[in-house]
Structures are given as structure tokens and as C-alpha cells.
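Bear in mind the structure is a predicted one, so any value in this text is a computation, not a measurement. Scope of the values below: all heavy atoms of this structure, side chains included, with no hydrogens, waters or symmetry mates.
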Amino acid sequence: MHSHKNHPFHLVDVSPWPLMGAFGAMITMIGIIKWFHMFNNSLFMLGSLITILIMYQWWRDISREGTFQGLHTYTVTMGLRWGMILFITSEVFFFISFFWGFFHSSLSPTIELGMIWPPKGIETFNPMQIPLLNTLILLTSGLTVTWAHHSLMENNFNQTTQGLLLTVILGIYFSILQGYEYMEAPFTISDAIYGSSFYMATGFHGIHVIIGTTFLLVCLIRHLNNHFSSIHHFGFEAAAWYWHFVDVVWLFLYISIYWWGS
């Protein structure tokens, strides 16, 4: 089918993964609702397992198309680049909505909050403890992923491996510290607008860190299997862009919610 085409575009083959992925996501969402209402996470775990299995097979197919079948031509790669740029732009606006809500509530606190910010009775985190450590971790991970990227462009296999491995470890370390902070938190998501704003913004950022770490881990595995070259590695580049976006969002979160907002 591909041997007689006279254009640089990639017309994808029929694939079961979009439909199956939607099915997995639906089960996961119903599972979350069941977990919240019935305190039983079995359906959520099943949905997550289905989603993970589909992700593995879908990414495997895309890796085959781009690496072994040579279907990711320059034109296709440019399309992928623009797709990633627009996706990250949509993510920026997603987080702007949380910051908008936070500043709307904090710059003129209502009488129900005691007309002060943080609201009366809320004990906030010390921004000089775990939040500052997490900031240093993410800034360092930004350096290591850039090191890995430049090493890849210079065909330095070992340094790319080291840079990527360090970035993945730092991402996991960040998530562990964030989880510890949540367990030790003196307030919950139901504690006024402060709790809602805090957990929605930091929680969604935490999910993005987990997604970014997974993205980079897949890139590390692909790199170890020689899928990338110095001139053909957009999968890694997209992961690096996403990771820098996660870094910048955390800086805004740290400055506004942890430091200024406390």
C-alpha cells in the first residue's frame, strides 16, 4: 500500500486503539465515580489496567511506523510538531483557569472567608520546606533533560542515557514528595476555596508530572533500543517540551500559591 504513494504524508492504517482507548477511559471514569461513592476502587483499577495495555500497544505501533517503516517523513514530523505546540498551548490555558480562580478568590476574599487570605482557620504549608525542595528538583530535571537532548544531537549515547535516567528519577522523586506532602497536609480539598484551589492546581500539576515522567521513561526505553538518531528524534523532543512546560507551571504554582498565597 505504501510502496506506490507519491506524496510525503502518512495516511494511517485502520487501528483498534482509538476506540479501545475511549472504552478504557470510560471504564476508568466510571470507576472513579464508583470509588468516590462506594469506596471501592476495583473498577478504577480495571479501567487503568485496560488503558495502560492500550497505551503500550498504541505507542508500539507508532514507534514501528516512525522508526522501522520510515513513515514519519519531514512533512509528517512538522505536522506532529505543530500538534504538540497546539496541545501544550491548550494545556497552558487549562492551568490559566486555575490561576484565574485562585487570584479571583485571594485578591478580594469574601466575608465568608473572614475577608483575609488564607481564609480563617487554614494552616498553610511552609514554602521554604518541601515546596522549595520540589522546585529545586524540577529545575534540576529541566537541566538534565536539556543535557540529554544536546547529547542526543551530538550522538553521545551514554550521556543521553544518563541525562534521561536522571530526569526520570527526579520526576519520580518529585511525585513521592508531593504524595508525602498531601498525606501530611493540615487541610483538605473541602476546606473552603483555598483547599479547592490548592488541590485542583497542584493535583493536576502532579498528574502532569506523572504523565511527563512516563513520557520520558518511554523515550529512555526507546533510546536504549536505538530508536533515535541525532536528526530523527521528535518523540524525545516532544517529551522534553512537555517537561519544560511542567517546570514552568510549577514555578508559577510555587510563587503564587505556596509563597505569595501563604
Side-chain angles (χ1 to χ4, degrees), residues 8-13 15 17-18 21 25 51-52 54-96 138-157 159-172 174-175 204-251:
F9 303 102
H10 175 205
L11 305 177
V12 294
D13 296 331
S15 169
W17 309 131
T51 305
I52 289 164
I54 288 160
M55 279 158 59
Y56 172 79
Q57 292 167 103
W58 199 344
W59 294 347
R60 176 205 63 193
D61 288 357
I62 293 167
S63 296
R64 284 173 178 170
E65 289 165 1
T67 309
F68 302 118
Q69 294 176 288
L71 298 172
H72 287 184
T73 59
Y74 175 76
T75 307
V76 173
T77 310
M78 287 308 291
L80 293 173
R81 280 173 187 276
W82 277 109
M84 195 66 196
I85 288 165
L86 291 170
F87 169 65
I88 290 173
T89 306
S90 74
E91 293 276 83
V92 168
F93 281 95
F94 175 75
F95 276 100
I96 283 173
L138 276 190
L139 288 174
T140 308
S141 72
L143 288 174
T144 54
V145 80
T146 305
W147 171 38
H149 190 193
H150 282 269
S151 301
L152 183 57
M153 289 191 290
E154 290 164 14
N155 265 329
N156 191 326
F157 186 89
Q159 286 202 15
T160 307
T161 307
Q162 289 163 22
L164 260 176
L165 184 61
L166 271 173
T167 311
V168 170
I169 290 167
L170 288 166
I172 293 166
F174 177 93
S175 297
F204 269 110
H205 178 267
I207 291 166
H208 281 73
V209 170
I210 291 166
I211 292 166
T213 308
T214 309
F215 202 170
L216 288 163
L217 180 62
V218 170
C219 286
L220 175 61
I221 293 163
R222 289 190 65 196
H223 169 65
L224 293 172
N225 286 313
N226 287 307
H227 284 197
F228 299 134
S229 73
S230 60
I231 54 167
H232 193 86
H233 56 258
F234 179 67
F236 172 75
E237 216 169 334
W241 289 357
Y242 188 81
W243 196 250
H244 289 309
F245 156 73
V246 167
D247 273 1
V248 172
V249 169
W250 175 259
L251 284 176

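Taking CG of Leu152 as the start and NE2 of His149 as the end, the distance is 6.5 Å to the nearest 0.5 Å. For the atom pair CG of Leu80 and CD1 of Ile85, the computed distance is 11.0 Å after rounding to the nearest 0.5 Å. With values rounded to the nearest 0.5 angstrom, Phe228 atom CZ is found 4.5 Å from Cys219 atom SG. In this structure, Leu251 CG and Leu139 CG are separated by 5.0 Å, a value rounded to the nearest 0.5 Å. Atom CZ of Phe215 sits about 12.0 Å away from atom CG of Leu217, to the nearest 0.5 Å. Taken from CD1 in Ile169 to CG in Leu216, the straight-line distance is 12.0 Å, to the nearest 0.5 Å.
For the residue pair Ser141 and Trp243, a side-chain donor N or O sits within less than 3.5 Å of a side-chain acceptor on the partner. For Gln57 and Trp17, the side-chain atoms include no donor-acceptor pair closer than 3.5 Å.
Between Phe93 and Ile96, the closest side-chain pair of non-hydrogen atoms falls below 4.5 Å. Contact of the His227 side chain with the Ser63 side chain is registered, since non-hydrogen atoms from C-beta on lie closer than 4.5 Å. Side-chain contact between Thr144 and Leu170: present, with at least one pair of heavy atoms (C-beta onward) separated by less than 4.5 Å. Taking 4.5 Å as the limit, every side-chain heavy atom of His244 sits out of range of all side-chain heavy atoms of Val248. For the pair Trp147/Thr167, no side-chain contact is recorded, criterion being any heavy-atom separation below 4.5 Å from C-beta on.
In terms of modelled atom types and a separation under 3.5 Å, the side chain of Thr75 and the main chain of Phe9 share no donor-acceptor contact. In this structure, the side chain of His223 engages the main chain of Phe157 through a donor-acceptor pair within 3.5 Å.
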Working note: Phe95 + Phe245, criterion side-chain contact (heavy atoms from CB on, under 4.5 Å); need CA distance, chi angles, decisive distance, verdict. CA-CA 11 Å; Phe95 276 100; Phe245 156 73; 3.8 Å; yes

Run the side-chain contact (heavy atoms from CB on, under 4.5 Å) test on Met153 and Thr160 for me, step by step, so that the C-alpha distance in whole Å, both residues' side-chain angles and the decisive distance to 0.1 Å come before the verdict. CA-CA 9 Å; Met153 289 191 290; Thr160 307; over 6 Å; no

Should Trp241 and Phe234 be marked as a ring pair (Phe, Tyr, Trp, His ring centres under 6.0 Å) after you check the CA-CA gap, both sets of side-chain angles, and the distance that decides it? CA-CA 10 Å; Trp241 289 357; Phe234 179 67; 5.6 Å; yes

Show your reasoning for whether side-chain hydrogen bond (donor to acceptor under 3.5 Å, both in side chains) applies to Glu91 and His208. CA-CA 10 Å; Glu91 293 276 83; His208 281 73; 2.4 Å; yes

Going through the distances and angles, do Glu154 and Gln159 end up as a side-chain contact (heavy atoms from CB on, under 4.5 Å)? CA-CA 10 Å; Glu154 290 164 14; Gln159 286 202 15; over 6 Å; no

Is there a side-chain contact (heavy atoms from CB on, under 4.5 Å) between Val76 and Leu71 once you walk through the steps? CA-CA 8 Å; Val76 173; Leu71 298 172; over 6 Å; no

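Using bins of under 30°, 30° to 60° and over 60° for the plane-to-plane angle, the ring pair His10/His72 lands in the tilted bin. The aromatic rings of Phe87 and Tyr242 sit parallel to each other, their planes meeting at less than 30°, with 60° as the upper class boundary. Note: His233 and Phe236 have perpendicular aromatic rings, judged against thresholds of 30 and 60 degrees for the angle between ring planes.
Surrounding CZ of Phe94 are more than 12 heavy atoms belonging to other residues, nucleotides or ligands, all under 6.0 Å away. Counting heavy atoms of neighbouring residues, nucleotides and ligands inside a 6.0 Å radius, atom CG of Leu86 exceeds 12 of them.
Summarising the geometry of Val209 relative to Gly171, their closest heavy-atom pair is CG1-O, 3.9 Å, with the distance given to 0.1 Å. The shortest non-hydrogen separation linking Asp247 to Gly142 is OD2-CA, 3.3 Å. Closest non-hydrogen pair, Gly21 versus Ile54, comes out as N-CD1, 3.8 Å.
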